[in-house]
Amino acid sequence: MGKRKDVLRKSLKMLLLLWVLLPVQMAFSDELILKTSIDRHVVQIELADTPEKRTRGLMHRTEMDADAGMLFDFKLEKRVAMWMKNTLIGLDMLFAKEDGTIIFIKENANPGDLTTIMPDEPVRWVLELNAGYVKRNQVRTGDRLIFPPQ
């Protein structure tokens, strides 16, 4: 009887752990919606949510799909700085608050440029897209990132 209780107890602990962790794992899909004043755009994202992934970013890549981007999650709002070291493709960068509101946009960041790109306010999210995306889709400050898509 003791062994059976132990197995049941471990099973319940596992179920509780899954119940707690499942919403966190499902908080992001592989896409988000970029909602502008004109339209909604689906962006296929790669999530950079660890220090290692954020440090590597899009370095050494020679291309990215037209409707794709890398979403940097800094876990909480803070001052962040980006640069283009070892980045081989031009990028547009959208800096957003916790709620997804875009507060700063850097268009056409040049490959390899070591200039720091940093908004005046803390942000939680940075979405990197191919250079020209912002202009082509008329993205403006005040537009929003919505994830997962609703």
Side-chain angles (χ1 to χ4, degrees), residues 11-150:
S11 296
L12 287 172
K13 284 181 181 179
M14 184 61 87
L15 284 173
L16 180 61
L17 182 63
L18 286 172
W19 180 76
V20 169
L21 293 178
L22 193 57
V24 172
Q25 293 172 342
M26 293 179 62
F28 294 96
S29 64
D30 59 349
E31 59 185 32
L32 63 78
I33 299 291
L34 173 53
K35 186 176 184 294
T36 68
S37 60
I38 298 169
D39 206 353
R40 293 168 63 101
H41 307 275
V42 176
V43 178
Q44 303 301 313
I45 60 166
E46 181 177 343
L47 186 60
D49 60 349
T50 65
E52 297 78 21
K53 289 179 184 177
R54 288 190 298 267
T55 298
R56 186 176 54 250
L58 292 169
M59 289 182 176
H60 307 291
R61 300 202 189 171
T62 56
E63 63 184 356
M64 184 167 54
D65 289 346
D67 65 343
M70 179 169 278
L71 181 66
F72 292 76
D73 179 1
F74 292 95
K75 306 296 184 189
L76 51 92
E77 286 189 1
K78 62 183 179 178
R79 297 290 308 266
V80 301
M82 307 294 280
W83 66 351
M84 297 290 288
K85 182 177 182 177
N86 297 321
T87 305
L88 307 175
I89 54 177
L91 297 173
D92 288 347
M93 297 180 189
L94 309 178
F95 294 77
K97 300 296 268 181
E98 175 80 29
D99 68 357
T101 302
I102 299 166
I103 62 153
F104 180 76
I105 298 172
K106 170 61 179 169
E107 290 186 67
N108 300 307
N110 293 318
D113 189 351
L114 300 182
T115 305
T116 301
I117 303 163
M118 189 165 99
D120 293 333
E121 299 177 51
V123 296
R124 173 165 178 184
W125 313 100
V126 177
L127 178 60
E128 292 184 340
L129 303 157
N130 285 302
Y133 188 98
V134 166
K135 185 174 184 176
R136 187 172 55 259
N137 294 291
Q138 300 179 27
V139 180
R140 306 280 182 260
T141 56
D143 291 346
R144 293 206 46 226
L145 307 177
I146 303 171
F147 33 83
Q150 301 167 356

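Start at 1 with the first residue, then count along the sequence.
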Asker: Measuring from atom CG of L71 to atom CG of L47, what distance do you get when rounded to the nearest 0.5 angstrom?
Answerer: 5.5 Å
Asker: With side-chain contact (heavy atoms from CB on, under 4.5 Å) as the test, would you mind laying out the steps for E121 and F104 before giving the verdict?
Answerer: CA-CA 9 Å; E121 299 177 51; F104 180 76; over 6 Å; no
Asker: In Å and rounded to the nearest 0.5 Å, what is the CH2 to CD1 distance from W83 to I117?
Answerer: 11.0 Å
Asker: Do the side chains of I146 and L32 get nearer than 4.5 Å, heavy atoms only?
Answerer: no
Asker: Hey, could you give me the CZ/CG distance between R124 and L76, rounded to the nearest 0.5 Å?
Answerer: 7.5 Å
Asker: Flag the pair L94 / W125 as yes when at least one side-chain heavy-atom distance between them is below 4.5 Å, and no otherwise.
Answerer: no
Asker: D99 side chain to T101 main-chain N or O, any donor-acceptor pair under 3.5 Å?
Answerer: yes
Asker: Please report the closest heavy-atom contact between G69 and V43, naming both atoms and the distance.
Answerer: N-CG1, 3.8 Å
Asker: Going from CD on Q44 to CG on D30, what distance comes out if it is rounded to the nearest 0.5 angstrom?
Answerer: 5.5 Å
Asker: Keeping D92 on the side-chain end and Y133 on the backbone end, is there a donor-acceptor pair under 3.5 Å?
Answerer: yes
Asker: With a 4.5 Å heavy-atom cut-off, do L88 and R61 have their side chains touching?
Answerer: no
Asker: Which value, rounded to the nearest 0.5 Å, describes the distance between N130 atom CG and R136 atom CZ?
Answerer: 7.5 Å
Asker: Compare every heavy atom of P111 with every heavy atom of G90, then report the nearest pair and how far apart it is.
Answerer: N-CG, 3.6 Å
Asker: Side chains of I89 and L91: does their closest heavy-atom pair fall under 4.5 Å?
Answerer: yes
Asker: Could you give me the CA-CA distance, side-chain angles and deciding distance for V126 and V80, then say whether side-chain contact (heavy atoms from CB on, under 4.5 Å) is met?
Answerer: CA-CA 9 Å; V126 177; V80 301; 4.1 Å; yes
Asker: For D143 and K35, which heavy atoms make the closest approach, and how far apart are they?
Answerer: CB-O, 3.2 Å
Asker: Do K53 and E46 sit within salt-bridge range, that is, some charged N less than 4.0 Å from a carboxylate O?
Answerer: no
Asker: Looking at side-chain heavy atoms only, is the closest gap between L145 and I102 below 4.5 Å?
Answerer: yes
Asker: Between CE of M118 and CZ of R79, what distance do you get to the nearest 0.5 Å?
Answerer: 4.0 Å
Asker: Check whether any side-chain N or O of E77 sits under 3.5 Å from a backbone N or O of E98 as a donor-acceptor pair, and report yes or no.
Answerer: yes
Asker: Show the nearest heavy-atom pair for residues N108 and G132, with the distance to one decimal.
Answerer: OD1-N, 3.6 Å
Asker: For residues A109 and M93, report the shortest heavy-atom separation together with the two atoms involved.
Answerer: CB-CE, 4.2 Å
Asker: More than 12 non-hydrogen atoms from neighbouring residues, nucleotides or ligands closer than 6.0 Å to CG on D39, yes or no?
Answerer: yes
Asker: Below 4.5 Å, heavy atoms only, C-beta onward: do Q138 and T36 meet side chain to side chain?
Answerer: no
Asker: Got L127 and I45 here, is their nearest side-chain heavy-atom distance under 4.5 Å?
Answerer: yes
Asker: Is there a side-chain contact (heavy atoms from CB on, under 4.5 Å) between R56 and M70? Walk through the geometry before answering.
Answerer: CA-CA 11 Å; R56 186 176 54 250; M70 179 169 278; over 6 Å; no
Asker: Answer yes or no: is there a side-chain heavy-atom contact under 4.5 Å between E128 and F72?
Answerer: yes
Asker: Could you give me the CA-CA distance, side-chain angles and deciding distance for M84 and T115, then say whether side-chain contact (heavy atoms from CB on, under 4.5 Å) is met?
Answerer: CA-CA 8 Å; M84 297 290 288; T115 305; over 6 Å; no
